[in-house]
Amino acid sequence: MSRHRAPSSVTRRGALVAGAAWVAGAFAASSGLGGRWGATAAPSAAPAEALAAAQVPPTPAGTPSTPPTASPTTATATASATFDRTAHSTGEASSPWVVVNKQHPIVPADYEPAQVVRVAGELVSAVAAPDLEALLAHSRDDGVALTLVSGFRTHEYQEQVHRRSVARNGQAGADRYSARAGYSEHQTGLAVDFSSADGSATLSPRFGETDEGLWLAEHAGAHGWLLRYTEADQAVTGYNPEPWHFRWVGVELVAAMAAAGTPTLEQFFGVSGGPDYA
Ligand SMILES: [Zn+2]
């Protein structure tokens with residue numbers, strides 16, 4: 001499906017770098033903070049919008065006459081300038097932007113999504129289902145055989161998962177591979193674990209190199225699904241890389257994070273994380 005095709009890698013990298021530099025400038029200009037991510041508020045919108053007015057041509061994004069090569073950059077810059085990081089809570093379990101990590105358990109501990117639906121055999125929060133269906137349909141169109149091996153998990157089930165992992169790997173090992181009950185994104189109903197139809201790399205680091213894992217890394221974001229635990233971000237997320245674990249946050253947030261050059265929810269929202277439990 002051509003509408004999902006990214007521009008050439010050179011163009012895309014250029015757009016991302018431009019977006020990241022642009023946002024970094026806006027951030028520094030408006031917050032005056034140093035190298036650390038602001039622990040309190042996101043930069044206020046006014047200076048960033050002023051900067052946008054100065055740097056972005058006044059052509060509205062999506063205008064039919066916009067040249068195709070220019071529109072992604074323009075749209076990205078505009079999106080990052082006007083993006084409201086406070087539009088949804090990062091603390092409420094039912095929020096599409098909730099940040100769940102070892103410093104931020106789910107509240108209340110026995111939280112369950114208001115409505116869960118079954119997609120490809122797994123339960124997910126109803127709010128994430130349409131984008132998941134679209135992602136799976138897109139993958140089928142591209143001839144990629146994705147399956148789901150996990151979705152929504154209750155607090156009780158996560159307790160069993162973690163207890164089994166402790167028995168196998170010891171507490172320290174288990175804490176790098178599976179969340180303690182109450183600290184798993186799966187309990188929000190907004191996270192899924194993918195695999196391939198042949199199952200050969202299920203929940204394995206090798207999944208990242210399979211056709212399915214590579215396809216997800218490239219296309220999941222276009223459907224609002226974020227690769228949550230990467231090699232590079234282990235210190236921030238507190239988890240070993242999980243190329244199979246994706247978190248639904250919506251396409252707008254994925255785009256804003258890419259434009260800001262911040263790959264993790266923790267960095268984008270200035271929320272603490274890391275390997276140690278609170
Ligand atoms: Zn997972």
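Each ligand, and each atom within it, is numbered from 1 in the order the structure gives. Residues take their numbers from the sequence shown, with the count starting at 1.
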Under a 3.5 Å distance rule, please check whether Ser139 uses its side chain to pair with a backbone N or O of Leu136 as donor and acceptor.
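Checked: pair present.
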
Output yes when a side-chain donor or acceptor of Asn101 lies under 3.5 Å from a complementary backbone atom of Ser272, and no otherwise.
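Yes.
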
What is the ring orientation for His245 with Tyr229, classed by angle as parallel under 30°, tilted 30 to 60°, or perpendicular over 60°?
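Rings of His245 and Tyr229: tilted, 30 to 60°.
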
For Arg176 and Glu242, run salt bridge (charged side-chain N to carboxylate O under 4.0 Å, His left out): C-alpha distance rounded to whole Å, both residues' side-chain angles, the deciding distance at 0.1 Å, then the answer.
CA-CA 10 Å; Arg176 294 200 60 75; Glu242 295 190 359; over 6 Å; no

Of all N/O/S atoms in [X], the name of the one nearest the Zn ion (ligand 1):
X      : answer
His245 : ND1
Asp193 : OD1
His186 : NE2

